[in-house]
2 protein chains.
Amino acid sequence: MKQIDAKLAGTAPALAGVTAELQTVAAGATVFRQGDRSRGIFLLLAGSVRLQRVTPDGTAVTLHQVRAGETFAEASLFSDRYHCDAVAVTQSRVGRYPKAALATALRGDPESLWRFSADLAHSLQRLRSRYELKQIRSAPQRVLQFLRLRCDADGRYAAPGALMDLAAELGMSHEALYRALATLERDGSLSRANGALHLRAGGR
Amino acid sequence: MKQIDAKLAGTAPALAGVTAELQTVAAGATVFRQGDRSRGIFLLLAGSVRLQRVTPDGTAVTLHQVRAGETFAEASLFSDRYHCDAVAVTQSRVGRYPKAALATALRGDPESLWRFSADLAHSLQRLRSRYELKQIRSAPQRVLQFLRLRCDADGRYAAPGALMDLAAELGMSHEALYRALATLERDGSLSRANGALHLRAGGR
DNA sequence: CGTCACATTGATGCCTCTCAAAGCTTGTGG
DNA sequence: CCACAAGCTTTGAGAGGCATCAATGTGACG
C-alpha cells in the first residue's frame, strides 16, 4: 500500500489537457456534499472515499466505495449539483479536475471527449463483469472465474499484492479465499508456485 | 413480462439521430462473437442476452447478463472488434445502432457525443450503487437499503412488476425476498398496502 | 371452474462469516 | 547474527443465513 500510495500521491495525470488540483482530505471530512454545486470530477490518489446518499428517513446509504486509482463523480460533469456525499474514510489525497475547464476542454475538443467516453465505456464494462462475478455464491467458483478472466494465455496469474487484497476485491473474507484456493488446489484446478497461481485445464 | 415486451418490442429510440436496425434472435443463437469486427452497439428490447468470454482453457465465463431495456457492447464503439460473445438465452429482440453511422454522428456532433457520455456516466453511477447493494449480505438489510434508494420522498415504493422480478434484480431468491419483507414488516420498518411498500422512519 | 403464475410459509442442508489460534515471512534494531 | 515485532498465511470450530426443495394459498383470466 505504501508503494502505491507513494507512486500515486505525486501523480495526477492531465485529463483532456486539464490538470488536477490536488488536495488532502482528513479522515471523516467531506469532499463534497449532496446538493453542492458540482465543481468537477475527482481522482482518488491515495486513501479511501465513500460516496453515500442520505435517504428521506435520515439514514446514510453507501453508493460506492472508491478505491485508490479510481475516478469518481463523473456524472457531476453533466449535472448541476452533486447527487451524493463524498466522505473520506481515512485521510485521503484526491485530485480535482475543475468542472468548467474540463467541460470546456471536452466540448471544444471532440477527440478528447471521444477518449473520455471510451474510458467511461471501459469502466462500465469492467464493473459489469465484476458485478457478475459477485453473483457467484460459491467461493471456489468465484475465485476460479476471476482467475480465468485475469490470467494470461498460459493460465498464470501473479497476484499484484497480498492475497488479502485479492479477497477484498472479490468481496469475500480472506479466510474464505485461502480455503477456496486450497479447495481448488485439491481439485487439481489450480497449482501454486511461489506466490503465482497457475490454472490447469479440466478444472470444472 | 408480456406487457413490457409488447411495449418495448416496437420501440427503439434513435440514438444521436441514428435509428436502430431491429432483429430477432433465436434462443441459443449469437448476436456477435468475440473477434468479430464490431458492427455497432445494441439495445435489448425483449428477451435475455448473455455476454460471455471463452477463456484460454475453453470455459465460458459470463461477463454480463443483459436485461431488457439495457444497452450493451457500448465499448465496441471504441474498438475494432468485439471482446466477448453475445448469446441469446431466450428468444430476444434487439436493436442495433450501426457503428459507422453512430460513430460519424457522434464525432460530428459534439452535443450528441456529450449526451452519449452523460448516459454512460449515469449507467456507471447506477451500476455502482447496485454493486454496493450486493455487498450487503443480510437480505432484510439489502432490501431495506434498496427501498431507501428507490422510494419517493414519502417513503413509498410501487414495485414496477412482480416481486419475483425485484428478487432477481436484488440477486436473491424470491423466497428470501418474501421472508425479508415479512421480517421488515414485523420490525415495523415497513408496511404494505395493495402491492405498494411503505418505509417507516426509525427502522434500523 | 380449472389453469397458471405469483405469493407465502415450512424444513433442511450447505456454505460463508466470524472469532480464534498457530505457523511463516520479512524487516528492524540491538 | 539474533531477537522481536508486525503482517500475511493457514487451519479450526461454531453459528447464522440464504438457497433449495416442497407444499399450500391466492388472484386473474379464459
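Residue numbers begin at 1 in each chain, while the letters A, B, ... track the order of the sequences. Quick caveat, the model's predicted, so the values are computed rather than measured.
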**Prompt:** How long is the line joining CG of B/Leu184 and P of C/dT8, in whole Å?
**Reply:** 13 Å

**Prompt:** How would nucleotides 20-30 of chain D be written as a contact map, 5' to 3', with B for base contact, S for sugar-phosphate-only contact and - for no contact, using protein heavy atoms under 4.0 Å?
**Reply:** BBB--------

**Item:** Carboxylate-amine/guanidinium contact A/Arg50 B/Glu132, below 4.0 Å
**Value:** no

**Message:** I need the CE-P distance between B/Met164 and C/dC6, as an integer number of Å.
**Reply:** 6 Å

**Asked** Between CG of B/Leu15 and CZ of B/Arg115, what distance do you get to the nearest 0.5 Å?
**Response** 9.5 Å

**Contact nearer the 5' end of DNA chain C, comparing B/Ala182 with A/Ala139** = B/Ala182

**Prompt:** Whole Å only: how far is the CE atom of A/Met172 from the C1' atom of D/dT9?
**Reply:** 16 Å

**Message:** Tell me the interatomic distance from A/Asp165, atom CG, to D/dG7, atom C1', rounded to whole angstroms.
**Reply:** 12 Å

**Asked** Is there a donor in the side chain of B/Gln65 and an acceptor in the side chain of B/Ser48, or the other way round, less than 3.5 Å apart?
**Response** yes

**Message:** If I take atom CG in residue B/Leu177 and atom C1' in nucleotide C/dA7, what distance separates them, rounded to the nearest angstrom?
**Reply:** 10 Å

Pairs: protein N or O with nucleotides 23-28 of chain C N or O, under 3.5 Å:
none

**Complete:** Between A/Arg137 and A/Arg192, the residue closer to the 5' end of DNA chain D by nearest nucleotide is A/Arg192

**Request:** Under the salt bridge (Lys or Arg N to Asp or Glu O under 4.0 Å) rule, collect the residues that match up with A/Asp80, sequence neighbours excluded.
**Result:** A/Arg37

**Closest listed nucleotide, where the reference is the side chain of B/Ala162 and the choices are D/dC18, C/dA7, D/dT11** = C/dA7

**Prompt:** Roughly how far apart are B/Leu170 CG and B/Leu133 CG, rounded to 0.5 Å?
**Reply:** 6.5 Å

**Prompt:** Hey, what's the ring geometry for A/Tyr82 with A/Phe42, parallel, tilted or perpendicular (30° and 60° as the breaks)?
**Reply:** tilted

**Fill in**
Taken to the nearest whole Å, CG/B/Leu163 to C1'/C/dT9 is 15 Å

**Request:** Kindly calculate the angle separating the two end axes of the helix from C/dC1-D/dG30 to C/dG30-D/dC1, each obtained from five base pairs, and round it to 10 degrees.
**Result:** 30°

**Fill in**
A/Tyr178 OH to D/dT9 P, in whole Å, measures 3 Å

**Set of side-chain hydrogen bond (donor to acceptor under 3.5 Å, both in side chains) partners for A/Arg96, sequence neighbours left out** = A/Glu21

**Message:** One thing to verify: whether A/Glu74 and B/Arg128 come together as a salt bridge, which I'm taking to mean a side-chain N less than 4.0 angstrom from a carboxylate O.
**Reply:** yes

**Prompt:** More than 12 foreign heavy atoms under 6.0 Å from CZ of B/Arg81: is that the case here?
**Reply:** yes

**Item:** Test side-chain hydrogen bond (donor to acceptor under 3.5 Å, both in side chains) applied to B/Arg179 - qualifying residues, sequence neighbours left out
**Value:** none

**Message:** Please determine whether the number of non-hydrogen atoms from other residues, nucleotides or ligands lying under 6.0 Å from atom CZ of B/Arg156 exceeds 12.
**Reply:** no

**Asked** Can you check the B/Ile136 CD1 to C/dT16 C1' distance for me, whole Å?
**Response** 17 Å

